[in-house]
Participant: 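Let me begin by handing over the structure; questions about it come next.
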Amino acid sequence: MRISKLFGKTQREIPAEADTISHQLLLKAGMMHQVAAGIYSYLPLAWRVLKKIENIIREEMDKAGGQELMMPVLQPVELWQETGRDKAFGKGLFTLSDRREHTLVLGPTHEEVITQLVRHNVQSYRDLPLLLYQIQTKFRDEPRPRGGLVRVREFLMKDLYSFDADEEGLDQSYKKMLQAYQNIYRRCGLSNLLVEADSGAIGGKDSHEFMVITGTGEDEVIYCPSCGYSANTEKAESSKDNLPDEELLPLEEVDTPSMFTIEEVSNFLKVSPSHTLKAVFYIADGELVFVVIRGDIEVNEVKLKNVLHCSEIRLAIEAEVIEAGIVAGSASPIGISGVKIIADESIISGANFIAGANKANTHVKNVNHPRDFGVDIMADIALARAGEECPKCRAKLSSMRGIEVGHVFKLGTVFSEKLGAFYIDVDGTSSPIVMGCYGIGLGRLMAAAIEQNHDDKGIIWPLPIAPYQIYLCPLHLENHQVEATAENLYTELGSNSLEVLFDDRKQSPGVKFNDADLLGIPIRVTISPRTLEKGSVEIKLRSEKEARLLPLTRITTVLEKLITDYLST
RNA sequence: CGGGGUGUAGCGCAGACAGGUAGCGCGCAUGGUUUGGGACCAUGAGGUCGGAGGUUCAAAUCCUCUCACCCCGACCA
């Protein structure tokens with residue numbers, strides 16, 4: 001490709017709206033253009049990168065036994081009502097009406113459609129296992145698009161679905177996909193981390209995420225440097241300090257004038273926050289719930305949501321708490337009725353806690369569970385934090401930020417049961433098909449690749465996903481020898497299937513070098529009167545500082561070898 | 001949806017407090033001189049000042065409403 005003809009221009013200045021590196025560089029390099037919040041056009045360079053990523057994914061999916069197909073974006077809302085996921089996705093679902101006033105949704109994912117499809121094509125265990133996938137545009141009306149391509153409302157995603165006769169089959173499919181995913185990230189030049197995750201609105205039990213560690217990612221990962229345990233904060237577990245057992249003392253009311261927060265109360269009564277019980281109120285699907293947790297620990301709302309099996313959860317406002325007959329600021333689980341009480345396991349160890357008295361300006365000392373109050377659900381609903389103990393090996397946990405570039409779930413039979421996808425086994429019995437699903441966001445992967453591979457000059461594309469492999473950079477094009485050599489080399493490299501971006505512009509060297517660096521093409525080949533005097537051209541890798549001269553006669557073979565060697569590793 | 005911020009030429013910004021014919025840099029066009037890390041000179045094109053309404057002799061500027069976008073939180077590939 002000749003740069004003089006390429007659609008898309010590099011900018012000198014970065015558009016003000018961008019503040020993540022990948023967003024800034026993609027805009028500065030003229031690779032994409034924003035159409036609306038979370039909606040972008042991809043210009044030729046970005047599109048080439050996406051297609052390369054797509055091909056790598058396709059190759060790995062096919063290698064793992066996947067079969068590619070294509071499902072529709074437009075889906076009848078009834079299909080979503082059948083599984084109840086119209087509610088689970090809620091406002092995240094783009095909906096529209098057709099001319100007959102029939103409601104359709106723009107597919108955010110395709111479990112429903114594929115399960116229905118498989119139901120019509122699978123009757124026997126002989127038809128299983130199956131791995132089906134597509135690479136297609138998804139629509140999600142995100143509450144807040146952000147970070148350029150990190151979170152958008154319309155995006156390319158590869159989604160594969162596995163169908164097996166039983167759990168063991170699912171485990172095998174799952175394992176195959178984990179391996180395929182590792183291959184994909186490695187080939188895209190990304191180092192990633194596999195972490196345990198919550199399964200969210202998709203549903204299911206086991207779930208893992210692939211995180212690219214970036215420092216500016218939108219997800220927080222808790223991990224153990226000692227044993228390798230790692231999980232999304234939404235899911236992460238940790239051992240809190242266990243408090244010593246004490247002899248249970250009798251309840252005692254104490255005055256706590258104008259004390260509302262844990263901090264105020266614990267300072268006033270001179271006890272550590274870990275010796276207090278915090279009351280937090282949530283509205284879960286419209287119902288008020290009373291959450292009791294140790295004063296020094298935060299509630300993990302995702303865990304809470306899962307424990308309650310509800311689809312929407314938010315903090316209650318003060319008026320809602322008061323309406324339920326509870327004294328905000330001095331709320332107590334003792335003697336409460338008519339409200340569901342959820343307690344975190346942290347209140348099991350230790351004794352004689354400070355809690356509210358359900359009376360203004362008053363708290364109660366020596367509160368103990370289960371002596372003084374009962375709970376409806378006791379579960380781990382605590383937020384894990386760096387510095388706490390690893391649940392597996394007791395070492396100190398750390399945390400880091402990352403971008404989620406892949407997510408896999410063991411769905412089990414949730415969808416097959418709801419949508420009637422059953423098969424007949426060897427013994428003639430009918431069972432629901434056991435499913436898994438496996439997603440990768442392509443645009444996000446491209447953004448993550450930039451986050452992980454750039455310097456102050458611009459992008460440093462890993463060769464397998466670079467829009468072009470070679471930046472052919474002649475200087476002094478008015479010099480006929482330079483021009484002729486460059487043209488010949490461009491033709492020659494192209495006819496050897498090398499991908500060349502030819503900077504045929506009559507620009508100063510500075511402009512060309514800066515664009516080459518910004519666009520991040522892995523290999524730069526410079527031709528100038530100076531190199532031609534020695535019968536040479538200059539080769540410089542984007543990832544390295546030093547350039548070297550190569551005889552003109554050997555250039556094509558050297559470049560070919562360089563590239564094939566890299567791609568075959 | 002809650003909190004914060006920004007809308008003036010393709011991009012980055014000034015002008016607004018104190019109303020009076022819309023400016024700068026980059027980019028773009030033409031001509032010339034340049035060329036190993038974003039060259040220089042000359043000339044030129046390009047703007048409903050996000051939108052609507054109001055105040056005023058006069059509004060980018062003051063007032064009201066509205067829309068869009070960005071950032072922080074609830075959500076996700």
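Atom set for the values below is all heavy atoms of this structure, side chains included, hydrogens, waters and symmetry mates excluded. In what follows, chains are A, B, ... by sequence order, proteins preceding strands, each numbered from 1.
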Participant: If you measure from the C1' atom in B:rC17 to the same atom in B:rC62, how many Å do you get, rounded?
Facilitator: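 It works out to 11 Å between them.
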
Participant: A:D517 side chain: which of B:rC26, B:rG37, B:rC70 is closest?
Facilitator: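 Looking only at heavy atoms from C-beta outward on A:D517, the closest nucleotide is B:rG37.
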
Participant: Report yes or no: is there a donor-acceptor pair, N or O only, under 3.5 Å between the side chain of A:S528 and the base of B:rG36?
Facilitator: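 When only heavy-atom distances are counted, A:S528 does reach the base of B:rG36 through a donor-acceptor pair under 3.5 Å.
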
Participant: Taking any heavy-atom pair under 4.0 Å as a contact, classify A:P145: base, sugar-phosphate, or nothing.
Facilitator: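 Here A:P145 touches the backbone only, sparing every base.
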
Participant: Less than 4.0 Å between a side-chain N and a carboxylate O, is that true for A:R542 and A:D455?
Facilitator: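 Salt bridge flag = yes for A:R542 with A:D455.
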
Participant: Hunt down the Watson-Crick or G-U wobble partner of B:rA77, both distances under 3.5 Å, from any strand shown, or write none.
Facilitator: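 Base partner found: none.
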
Participant: Taking only the P atom of each, what is the distance from B:rA52 to B:rU61 in whole angstrom?
Facilitator: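 Roughly 12 Å separates the two P atoms.
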
Participant: If you take all heavy atoms of A:A486 and A:L472, which pair is closest and at what distance?
Facilitator: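 So the minimum-distance heavy-atom pair works out to O-CD2, 3.6 Å.
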
Participant: In this structure, how many angstroms lie between the P atom of B:rA74 and the OH atom of A:Y282, rounded?
Facilitator: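 So the two atoms are 10 Å apart, to the nearest Å.
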
Participant: Do any side-chain nitrogens or oxygens of A:R12 fall under 4.0 Å of OP1 or OP2 in B:rC11?
Facilitator: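 No.
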
Participant: Looking for any heavy atom pair under 4.0 Å, which part of the strands does A:E478 touch: base, sugar-phosphate only, or nothing?
Facilitator: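 Result for A:E478 = base.
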
Participant: What about the rings of A:Y185 and A:F210, do their centers lie closer together than 6.0 Å?
Facilitator: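 When the ring centroids of A:Y185 and A:F210 are compared, they turn out to be within the sub-6.0 Å range.
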
Participant: Under 3.5 Å, which N/O atoms of the protein pair with N/O atoms of nucleotides 40-51 of chain B?
Facilitator:
none

Participant: On a whole-Å scale, what distance lies between the C1' atoms belonging to B:rG47 and B:rG31?
Facilitator: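 It works out to 27 Å between them.
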
Participant: Taking all non-hydrogen atoms of both residues into account, name the closest pair between A:I3 and A:D504 and its distance.
Facilitator: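 Closest approach of A:I3 to A:D504, heavy atoms only: N-OD1, 3.5 Å.
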
Participant: Going by the side-chain hydrogen bond (donor to acceptor under 3.5 Å, both in side chains) test, name the single residue among A:Q75, A:Q81, A:R85 that passes it with A:E112.
Facilitator: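 With A:E112 as partner, side-chain hydrogen bond (donor to acceptor under 3.5 Å, both in side chains) holds for just one option, A:R85.
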
Participant: When the distance from CG of A:N514 to C1' of B:rG36 is rounded to whole Å, what number comes out?
Facilitator: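 The distance from CG of A:N514 to C1' of B:rG36 comes to 12 Å, rounded to the nearest Å.
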
Participant: Counting any heavy atom closer than 4.0 Å, what does A:D515 reach on the DNA or RNA strands: base, sugar-phosphate only, or nothing?
Facilitator: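 The answer is base, as A:D515 lies within the cut-off (heavy atoms under 4.0 Å) of a base atom.
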
Participant: Return the value, rounded to whole Å, for the distance between atom CZ of A:R140 and atom P of B:rC75.
Facilitator: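 Rounded to the whole Å, the gap is 14 Å.
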
Participant: Do NZ/NE/NH1/NH2 and the carboxylate oxygens of A:D141 and A:K91 come within less than 4.0 Å?
Facilitator: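 Salt bridge: no.
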
Participant: Taking any strand in view, what nucleotide pairs with B:rA45 in a Watson-Crick or G-U wobble way, both distances under 3.5 Å?
Facilitator: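 Because no pair has both required distances under 3.5 Å, B:rA45 counts as unpaired.
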
Participant: What nucleotide among B:rC13, B:rA39, B:rG37 has an atom nearest to a side-chain atom of A:A16?
Facilitator: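 For the A:A16 side chain, the nearest candidate turns out to be B:rC13.
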
Participant: Please tell me which of the listed nucleotides, B:rC75, B:rG36, B:rC71, lies nearest to the side chain of A:D19?
Facilitator: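 The answer is B:rC71.
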
Participant: Please report the distance separating the C1' of B:rC24 from the corresponding atom of B:rU8, rounded so that it comes out in whole Å.
Facilitator: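 Those two atoms are separated by 12 Å.
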
Participant: Quickly work out the A:F89 CZ to B:rC76 P distance and round it to whole Å.
Facilitator: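 For the pair A:F89 CZ and B:rC76 P, the rounded distance is 8 Å.
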
Participant: What's the closest nucleotide to the A:E13 side chain, out of B:rA77, B:rU35, B:rG12?
Facilitator: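 Nearest listed nucleotide: B:rG12.
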
Participant: Nearest 0.5 Å please: distance from the CG atom of A:L475 over to the CD atom of A:E538.
Facilitator: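 Going from the CG atom of A:L475 to the CD atom of A:E538 covers 8.5 Å.
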
Participant: What's the closest nucleotide to the side chain of A:A37 if the choices are B:rG38, B:rC76, B:rC70?
Facilitator: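 Of the options given, the side chain of A:A37 lies nearest B:rC70.
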
Participant: Can we say A:E301 and A:K305 salt-bridge, meaning some charged N sits less than 4.0 Å from an Asp/Glu carboxylate O?
Facilitator: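 Between A:K305 and A:E301 there is no salt bridge, as every charged N stays at least 4.0 Å from the carboxylate O atoms.
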
Participant: Is the base of B:rA77 stacked against the aromatic ring of A:F155, taking ring centres under 5.5 Å apart and planes under 30° as the test?
Facilitator: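 The ring of A:F155 is stacked on B:rA77.
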
Participant: Determine whether a donor-acceptor pair (N or O, by modelled atom type, separation under 3.5 Å) exists between the side chain of A:R153 and the backbone of A:A37.
Facilitator: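 Yes, the answer is positive, given that a donor and an acceptor are paired below the 3.5 Å cut-off.
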
Participant: Nearest to the side chain of A:E17 - B:rC76, B:rG37, B:rC69?
Facilitator: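 Looking only at heavy atoms from C-beta outward on A:E17, the closest nucleotide is B:rC69.
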
Participant: With a 4.0 Å cut-off on heavy atoms, is A:E142 in touch with a base, just the backbone sugar-phosphate, or nothing at all?
Facilitator: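 It contacts base atoms.
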
Participant: So what does A:V152 touch, heavy atoms closer than 4.0 Å: a base, only the sugar-phosphate, or nothing?
Facilitator: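 A:V152: base contact, heavy atoms under 4.0 Å.
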
Participant: Among B:rA74, B:rG36, B:rC76, find the nucleotide with the atom closest to the side chain of A:D219.
Facilitator: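 Within the option list, the nearest is B:rC76.
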
Participant: Any idea which of B:rA77, B:rU35, B:rC70 is nearest the A:H407 side chain?
Facilitator: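 Taking heavy atoms from C-beta onward, the closest nucleotide is B:rA77.
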
Participant: Taking donor-acceptor contacts at under 3.5 Å, does the side chain of A:E538 reach the base of B:rG36?
Facilitator: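 Looking at the base of B:rG36, it does pair with a donor or acceptor on the side chain of A:E538 (distance under 3.5 Å).
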
Participant: In whole angstroms, how far is the P atom of B:rU35 from the CG atom of A:N479?
Facilitator: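 My rounded result for the distance is 13 Å.
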
Participant: Between B:rC76 and A:R444, counting only base atoms on the nucleotide and side-chain atoms on the residue, is there a donor-acceptor pair under 3.5 Å?
Facilitator: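 A donor-acceptor contact between them is present.
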
Participant: Would you say B:rC70 has OP1 or OP2 under 4.0 Å from some side-chain N or O of A:Q34?
Facilitator: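 The answer is yes; a side-chain N or O of A:Q34 sits under 4.0 Å from OP1 or OP2.
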
Participant: Say you pick atom C1' in B:rU35 and the same atom in B:rG20; how far apart are they, in whole Å?
Facilitator: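 Nearest-Å result for B:rU35 against B:rG20 at atom C1': 48 Å.
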
Participant: Quick check for you: among B:rG37, B:rC75, B:rG36, whose closest atom lies nearest to any side-chain atom of A:P509?
Facilitator: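 The closest nucleotide is B:rG36.
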
Participant: Please report whether the ring centroid of A:Y181 lies less than 6.0 Å from that of A:Y438.
Facilitator: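 No, they do not, as the ring centres are separated by 6.0 Å or more.
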
Participant: How is A:I14 classified with respect to the nucleic acid when contacts are heavy atoms under 4.0 Å: base, sugar-phosphate, or nothing?
Facilitator: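 Result for A:I14 = sugar-phosphate.
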
Participant: Give one of base, sugar-phosphate or nothing for A:A18, where a contact means two heavy atoms less than 4.0 Å apart.
Facilitator: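 Here A:A18 touches no strand at all.
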
Participant: Would you classify A:T137 as touching base, sugar-phosphate or nothing, given that sugar-phosphate means primed atoms plus P, OP1 and OP2, and contacts are heavy atoms under 4.0 Å?
Facilitator: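 Nothing: the residue A:T137, judged by heavy atoms under 4.0 Å, touches no strand.
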
Participant: Once you apply a heavy-atom cut-off of 4.0 Å, does A:P15 come out as touching a base, just sugar-phosphate, or nothing?
Facilitator: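 Sugar-phosphate, backbone atoms only, no base.
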
Participant: What is the distance, to the nearest angstrom, from the NE2 atom on A:H33 to the C1' atom on B:rC69?
Facilitator: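 One finds 12 Å between C1' of B:rC69 and NE2 of A:H33, rounded.
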
Participant: Please report whether the ring centroid of A:Y468 lies less than 6.0 Å from that of A:W461.
Facilitator: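 So the answer is no for these two rings.
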
Participant: Does the side chain of A:R153 get closer than 4.0 angstrom to OP1 or OP2 of B:rC76 through an N or O atom?
Facilitator: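 So the side-chain polar atoms of A:R153 never come under 4.0 Å of the phosphate oxygens OP1 or OP2 of B:rC76.
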
Participant: With both distances kept under 3.5 Å, what pairs with B:rG7, Watson-Crick or G-U wobble?
Facilitator: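 The answer is B:rC67, by the H-bond criterion.
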
Participant: Has the side chain of A:R524 got a donor or acceptor that lies under 3.5 Å from a partner of the other kind on the base of B:rG37?
Facilitator: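 Result: at least one qualifying N/O pair found.
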
Participant: Side chain of A:H476 only, heavy atoms from C-beta on: which candidate in B:rC69, B:rC26, B:rG36 is closest?
Facilitator: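 Selected nucleotide: B:rG36.
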
Participant: Quick test of your reading of the model: are A:E298 and A:K278 salt-bridged, counting only N-O distances below 4.0 Å?
Facilitator: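 The answer is yes: the pair qualifies as a salt bridge.
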
Participant: Which nucleotide, in any strand shown, forms a Watson-Crick or G-U wobble pair with B:rG37, with both distances under 3.5 Å?
Facilitator: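 No nucleotide pairs with B:rG37.
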
Participant: Checking base pairs now: Watson-Crick or wobble, both atom distances under 3.5 Å. What partners B:rA14?
Facilitator: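 When the pairing criteria are applied, nothing turns out to pair with B:rA14, so the answer is none.
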
Participant: Which nucleotide, if any, forms a Watson-Crick or G-U wobble pair with B:rC57, using both distances under 3.5 Å?
Facilitator: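 Checking every strand shown, B:rC57 finds its partner in B:rG20, with both distances under 3.5 Å.
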
Participant: Touch check for A:G92, heavy atoms < 4.0 angstrom, all strands: base, sugar-phosphate only, or nothing?
Facilitator: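 The residue A:G92 makes no contact with any strand.
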
Participant: Assign A:G147 to base, sugar-phosphate, or nothing according to its heavy-atom contacts below 4.0 angstrom with the strands shown.
Facilitator: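 Here A:G147 touches the backbone only, sparing every base.
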
Participant: Who is the Watson-Crick or G-U wobble partner of B:rG2, with both distances under 3.5 Å?
Facilitator: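 With both distances under 3.5 Å, B:rG2 matches B:rC72.
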
Participant: Would you say A:R144 places a side-chain N or O within less than 4.0 Å of OP1 or OP2 belonging to B:rG73?
Facilitator: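 Yes, because at least one side-chain N or O of A:R144 sits under 4.0 Å from OP1 or OP2 of B:rG73.
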
Participant: Between the base of B:rG38 and the side chain of A:Q507, is one N or O donor paired with an acceptor at under 3.5 angstrom?
Facilitator: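 No.
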
